Every structure is written in structure tokens, then in C-alpha cells.
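A short worksheet on the structure shown next.
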Amino acid sequence: MTVAIVLSSALSALVLVLALMLPSIAGRTVPFGVRVPAQHADDPAVARQTRIYRRRVLLGGIAAAAVGVVIFALTGETLLLPLTVFLLVGVWYGCFFLAHHEIQAAKAAGRWYEGLRQGMAADTRLRTDPPRFPWLWLTPALIITVATAVIGAILYRSMPATLAVHYGAEGVPDRWAAKSVGAAFSLVFVQIGVTALLGAIAAGIVLRSRSDIDPAHPVASARWHRSYVALGAKALLGLVAMIDLGLLASSLVMWTATVTSWAPLVVVLPILAGVVVAVVVLARNNREPDRGEEDTGLTHRDDDKYWRGGLFYVNRDDHALWVPRRFGIGWTVNLGNPRAAIFLAGIGALIGLAVALRFPG
Amino acid sequence: VILNVDLGSDVPIYQQLRDQIVEAIADGVLIQGSPLPATRALAADFGINFHTVNKAYDLLRQQGLIRLNRGTGAVVTSTAADPAFRAEWTARARTLLAEAIVRGLPADDVLATCRSVLDSFRTAPPEDTP
């Protein structure tokens, strides 16, 4: 019981902090997912919406937490607690969308783009001499996965005849399976799947993500992109290692038939730590100073028409698969790209595998 | 090399890309053997249709300035000016100079501009070695 409360509170706090920080960490010229010219980035309308957004998020966060407490008090069901996290994300997006809508209206009414020279920029060196994939950062995840398999092979003979394959919220096993290679190594397969998928995403971000260079200061912008994608890939690979570590710990609990109410913690704590670090690292968005680079006189083109609700990017003419996200931090897929379907199918398959294996959590 | 596209310009995007690559070669930023991105990758960075980039690369290829590699992009090549190029270039220079004359620019100014533009090329250090 306590574990579930601690975990959902920690996750809710993380979401809330991220939501409150969002206006400061999002790109200056994309407040609440609306592309605005640099001279309007500090427009009174934007400042006003930022204030209103923060107040709404804070109130919404308190309301979501209260709903969680009431539901728990009425039902006593700990499995419902993670729902408050989803509720909070919903509230967050709602506040984001309201601000998005208002700024879009201010932008249209004030004709912010009138008379500006719109353009785009690209640095060919980002393609001909791309940032290196940080292979070294993949090794912890690989070592942990191999170590899990090796430890499992060593312990296999001494494992109990029935293995706990699913735990209730109290950390008490509630589903069992006869000992078999498939049951004992189920989490190793999840480790391999997660490592492959997130490793591929990290590689995709380094080699394929849209640079989205600011045409007003292309040189500094390209330099910043180069370091940010490397940072993003390292953060993701660090997260993979922490997920694999959580799965290793969970496998050990299963193999040694340990019964403790803190069992869910050994899985979720490393993952939570990995998520927190990744978020903190990726939050260093758009922080590159211009270093006196002369303004080219171009303004980033208004590409709002390709965004749905500031959330989904759909542009069939665009061959990029990964583009900088507008809601939250990191990257999102271009839903107008046929390869996005393949990618989403991969995610769906992995979630299906996890559900099928009923791994604890 | 940084490529800029001005959407408000009367010059088509493929022409803007082509012109900037030619200038980068003249500048010495791109030298013989310097790689250029694959058309799809460059189009993705701009968020434009790859046919636009294809058109720019095709112009450069026809003019003997790049060699296209299927799938992997393009490489800058150098082709000496032949008589046909000289004739075609002279015709274009003629139009450009005529524009200066009809708008009343003094001949000395025109010559000085030509000189300073010529001098500005080949001063930048190359970014890629072959």
C-alpha cells in the first residue's frame, strides 16, 4: 500500500514540476506550441498566458491529487492511484491547449508575421559529418542485460519449481508459473526489446532528427543542435540502463522467491531515477547563447499549420521522422511520414509483449 | 555549410539552394571532394519536398559542379570552363551588367563591385577535406 502511494506521489510530483517548468524550458519562439517571431517572444499576451497557465496547472495538480486521495479513501484500491498521474497529464495538456489557443488568437489578431521575411536554414555538415552515436553509453545497458542472463543461467537449477510472474500492488505474488526457460527469462526478453527499441530511438535522434535551425542565427543554432542531440541520446541510453537494472532486480526477486512489500520499488526506483535524470538533462533546451552572431534578417517560417493542437506533427511533404516536440520535451514522430506507422507498430508490439508477460509493476 | 532559404524571395527555393552551394564552392568552404547530404536528408532538415532539393542538385550536376552518388548524396567536383560555358556565362554577365547601366550605376562602381566580390571568394577555410 505504502509503496504504491510513494510511487504515484513521486510520479505526480515529477509531472507537476515538469508542467510548471515547461514555459521556461520550451523554445523561446515556440511558446505553448505556437511559432512566433523572435520580437514577439516576450509579447504581453505570451507573458499573460504563461502566468495563467502556471496558476491553472498548480490548481489542476492539487485537484488531481485530491481526486486520487478521495478515490483511495473510498475504494482502498491502490491500483487506481497511477490513474491520478494520467489525470494530471490530462490536466497539464488541457492548460497547455488553452494557452496555445489564446496565443494563436493573439498572433492572428496582431498579425505578428506581417512584413517579416520567413525562411529556413540547414547545416549540411550535420549530415555529411553527423554527431557521433555515443556507443559507450550503450554498454551499461548491454552489460546489465548480459549479466541478467548469466545470473539467471547460474541460478536456474536452484530456482523454485514455481515462479512468481506477477505481483499485486502489495508486493505479494498473485500469479505463478511452472519453472521454464520462458518464464524464468521473461524479463531478459523485455530487457532485450527495451534496449533495442530505445537504442534505435537514440540512434534515430542523433542521425535523423530535424535540426530545426533558427535562420536568424544559423551558426550558433547548428552548434547547439549538435550538442543537444548527443546529450539527448546519452540521456535515453542512461534511461535504458536504469530500466534494464530495474528488470534485473525484479528478476532476482522472482528467482530467489523473495517476498517483500517493497518488491515494486526495486523495479520502479531505478526507472524513476532514470526518468528524472533524462528530464533534467533534456530540459536544457534552447539555452545556447548567440555569441554575437549577426542576425541574417530571416525569421523561422510559420509552420503551425502542420501541428494539430500543438501535439501532433503531420506533414507529408516532410521526410523527417523525428522533429522537436512542442508539448513536453524531446522529440516526436512526424505522423505524415509512413515510417512513423512502422515505429508506432514497434512500440505497440513491445507494450503488447510486456502486458502478455505480465511483468510486475 | 549553412544554407538559408528565403520563402519571401522571388527566386525559387531550388535556385536559392543551387546558388548558395555554388558560392560556397567559390568561397572555398566546399572544395573538390567535399560531401553534400543526400537529397532526402537535406529536404528533411528544411522540412521541404525532396524534389526541390533534387532539382537544385540536378542543376549543379548538369553544370559539372557535383557528382551524384545514388542514395548517399553528392560530392563536389571541379570541371574546367569550356567554350560553351564561357559563352553562356558571358550572356548572363551581359544581362547583369546591362541592368547596372540602365539603372545608372557608374562603370567604376560596377567594376569595383566586381573586383571586391571576386576578392571575397577563396578566402574562407575549407570545412571538409576530401
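Within every chain, numbering begins at 1; the chains are lettered A, B, ... in the order of the sequence lines, protein sequences first and strands thereafter. Please read all numbers here as calculations on a predicted model, not as lab measurements.
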Task: Top of B/A43, B/A41, B/A24 for chain A proximity - count of heavy-atom pairs under 4.5 angstrom - done: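 Maximum pair count with chain A is reached by B/A41.
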Can you name the nearest heavy-atom pair linking [X] to [Y], along with the distance?
| X | Y | result |
| --- | --- | --- |
| A/A320 | B/A44 | N-CB, 3.5 Å |
| B/P37 | A/R127 | CB-CB, 3.5 Å |
| B/L42 | A/A122 | CD1-CB, 4.2 Å |

Task: Which residues share a side chain to side chain contact (heavy atoms under 4.5 Å, CB included) with B/Q16, sequence neighbours left out - done: B/V5, B/D6, B/S9, B/V11, B/Q20
TODO: Take atom CH2 of A/W137 as the centre, draw a 6.0 Å sphere, and report whether it contains more than 12 heavy atoms from other residues, nucleotides or ligands.
DONE: no
Open item on the list: If you count heavy atoms of other groups shown closer than 6.0 angstrom to CZ of B/R103, is the number above 12?
Closed with: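 For B/R103, atom CZ is not crowded (no more than 12 foreign heavy atoms under 6.0 Å).
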TODO: Applying side chain to side chain contact (heavy atoms under 4.5 Å, CB included) between B/I2 and each of A/P218, A/S221, A/P215, report the one that passes.
DONE: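 That would be A/P218; it is the only one of A/P218, A/S221, A/P215 passing the side chain to side chain contact (heavy atoms under 4.5 Å, CB included) with B/I2.
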Open item on the list: Less than 4.5 Å apart, side chain to side chain, heavy atoms only: is that true for A/M120 and B/L7?
Closed with: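 A/M120 vs B/L7: side chains touch.
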- [ ] Please report the C-alpha distance between B/D45 and A/R210 in whole Å, then the side-chain angles of each, then the deciding distance to 0.1 Å, and finally whether the salt bridge (Lys or Arg N to Asp or Glu O under 4.0 Å) criterion is met.
- [x] CA-CA 5 Å; B/D45 275 347; A/R210 151 87 49 74; 5.3 Å; no
TODO: Say whether, by atom type as modelled, one donor and one acceptor occur between the side chain of A/T124 and the main chain of B/V1 under 3.5 angstrom.
DONE: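 Between the backbone of B/V1 and the side chain of A/T124 there is a qualifying donor-acceptor contact (under 3.5 Å).
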Open item on the list: Below 4.5 Å, heavy-atom pairs only: which of A/S209, A/S211, A/G297 has the largest tally toward chain B?
Closed with: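 Highest number of heavy-atom pairs under 4.5 Å: A/S211.
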TODO: Pull out the residues in residues 108-119 of chain A that come under 4.5 Å of chain B, heavy atom to heavy atom, sorted by number.
DONE: A/R117, A/Q118, A/G119
Open item on the list: Suppose a student defines contact as a heavy atom less than 4.5 Å from any heavy atom of chain B. Which residues in residues 334-344 of chain A would they list?
Closed with: none
Please set out all donor-acceptor pairs under 3.5 angstrom arising from side-chain atoms of residues 48-56 of chain B, sequence neighbours excluded.
residue: B/N49; atom: OD1; partner: B/H51; partner atom: N; Å: 3.0
residue: B/N49; atom: ND2; partner: A/D317; partner atom: OD1; Å: 3.1
residue: B/T52; atom: OG1; partner: B/N49; partner atom: O; Å: 3.3

- [ ] Could you tell me which portion of A/V219 (side chain, backbone, both or neither) has an atom closer than 4.5 angstrom to a non-hydrogen atom of chain B?
- [x] both
